[in-house]
Amino acid sequence: MSEHGLPVGPWLRSLKQAVVERRADDHLIRIDGSATSDDRLVPLGSLRDLLTVTAGQKIAYVTDVADTPANRAAITALVQNADILFIEAAFAEADVALARNRAHLTTMAAGEIARQANVRRVEPFYFSPRYAGDEVRMLAEVMTAFRGSHA
């Protein structure tokens, strides 16, 4: 900011808010003065080049859920189109009864939810300790369901 002769200060919050709210270029921004100068009003249009607006990322995290139709619907709506979905895959699909009993997702459920929600990337985690040393298989099960193919 100093290269433009502008102080760093609370006024920057107003500038950012005006851009987020899509205010017109003639919207006035009050630039807080320093100890040696007074506040001044500057049109938003002359300050736009000070900001760079970039798209954010949607990151979702899902854990400790039972695989029920209501939960799937709620999760899918919440994580829809996420860039990254971190999702538990506590049990292998072969242990679906155990997963149901413990109220956790299987690898297949995690992958299917990610696919149904149209997420860009799925990152499964929280494998049960019973699968220690078998993480590659667990990841493969999630990714098979995510891609929509079944072995």
Side-chain angles (χ1 to χ4, degrees), residues 1-4 6-25 27-32 34 42 44-151:
M1 293 296 146
S2 60
E3 63 269 10
H4 295 284
L6 298 170
V8 174
W11 70 273
L12 289 169
R13 189 174 308 115
S14 298
L15 172 61
K16 292 175 190 176
Q17 188 64 36
V19 170
V20 167
E21 292 174 354
R22 295 188 169 107
R23 299 287 181 140
D25 282 348
H27 177 79
L28 297 176
I29 304 294
R30 181 177 302 280
I31 298 178
D32 306 308
S34 65
V42 179
L44 173 59
S46 66
L47 299 171
R48 285 191 189 275
D49 65 326
L50 301 178
L51 298 176
T52 302
V53 178
T54 58
Q57 280 192 321
K58 181 176 181 178
I59 299 173
Y61 179 89
V62 175
T63 190
D64 292 331
V65 297
D67 187 8
T68 66
N71 280 351
R72 278 195 184 217
I75 294 166
T76 300
L78 180 67
V79 306
Q80 192 70 43
N81 298 317
D83 293 291
I84 304 170
L85 169 60
F86 294 92
I87 188 168
E88 75 162 53
F91 293 97
E93 184 58 26
D95 295 323
V96 68
L98 184 58
R100 201 172 293 123
N101 185 34
R102 302 268 173 91
H104 283 291
L105 299 177
T106 64
T107 51
M108 185 176 290
E112 288 172 350
I113 290 167
R115 184 179 74 246
Q116 290 164 355
N118 195 41
V119 303
R120 202 175 59 146
R121 190 172 105 210
V122 61
E123 290 289 336
F125 71 101
Y126 194 51
F127 302 133
S128 169
R130 72 178 46 238
Y131 306 107
D134 210 8
E135 292 83 4
V136 171
R137 177 176 67 96
M138 297 291 283
L139 287 168
E141 286 184 12
V142 172
M143 295 314 292
T144 296
F146 178 55
R147 293 185 183 113
S149 55
H150 298 282

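Residue numbers start at 1 and run along the sequence shown.
Atom CZ of Arg115 is separated from atom CZ of Arg147 by 12.0 Å, given to the nearest 0.5 angstrom. With rounding to the nearest 0.5 angstrom, the OG1 atom of Thr107 is 11.0 Å from the CZ atom of Phe91. Residue Asp49 holds its CG atom at 7.5 Å from CG of Leu47, rounded to the nearest 0.5 Å.
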Under 3.5 Å donor-acceptor pairs involving side-chain atoms of residues 80-90, not counting sequence neighbours:
residue : atom : partner : partner atom : Å
Gln80   : NE2  : Ala117  : O            : 3.1
Asn81   : OD1  : Asn118  : ND2          : 2.8
Asp83   : OD2  : Lys58   : N            : 2.8
Glu88   : OE1  : Thr63   : OG1          : 3.4
Glu88   : OE1  : Asp64   : N            : 2.5
Glu88   : OE1  : His104  : ND1          : 3.0
Glu88   : OE2  : His104  : ND1          : 3.1
Glu88   : OE2  : Leu105  : N            : 2.6

Could you give the side-chain donor-acceptor pairs of residues 123-134 under 3.5 Å, partners two or more places apart or in another chain?
residue : atom : partner : partner atom : Å
Glu123  : OE2  : Arg121  : NE           : 2.9
Glu123  : OE2  : Arg121  : NH2          : 3.4
Ser128  : OG   : Arg130  : N            : 3.3
Tyr131  : OH   : Ala92   : N            : 3.0
Tyr131  : OH   : Asp95   : OD2          : 2.5
Asp134  : OD2  : Arg137  : NE           : 2.7
Asp134  : OD2  : Arg137  : NH2          : 2.9

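For Arg48, the side-chain contact (heavy atoms from CB on, under 4.5 Å) partners two or more places apart in sequence, or in a different chain, are Val19, Asp25, Leu44. By the salt bridge (charged side-chain N to carboxylate O under 4.0 Å, His left out) test, Arg23 pairs with Glu21, sequence neighbours left out. Qualifying side-chain contact (heavy atoms from CB on, under 4.5 Å) partners for Ala66, counting only residues two or more places apart in sequence or in other chains: Thr68, Asn71, Ala103. Taking Val96 as the reference, Glu93, Arg100, Thr106 meet the side-chain contact (heavy atoms from CB on, under 4.5 Å) condition, with sequence neighbours excluded.
Of all non-hydrogen atoms in Ser14 and Ile29, the two that sit nearest each other are O-CD1, 4.0 Å.
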From CA spacing to verdict: side chain to side chain contact (heavy atoms under 4.5 Å, CB included), Arg120, Gln57:
CA-CA 11 Å; Arg120 202 175 59 146; Gln57 280 192 321; 3.9 Å; yes

Worked verdict on Met108 versus Glu141 for side chain to side chain contact (heavy atoms under 4.5 Å, CB included):
CA-CA 6 Å; Met108 185 176 290; Glu141 286 184 12; over 6 Å; no

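With a 4.5 Å cut-off on side-chain heavy atoms, Thr54 and Thr52 count as touching.
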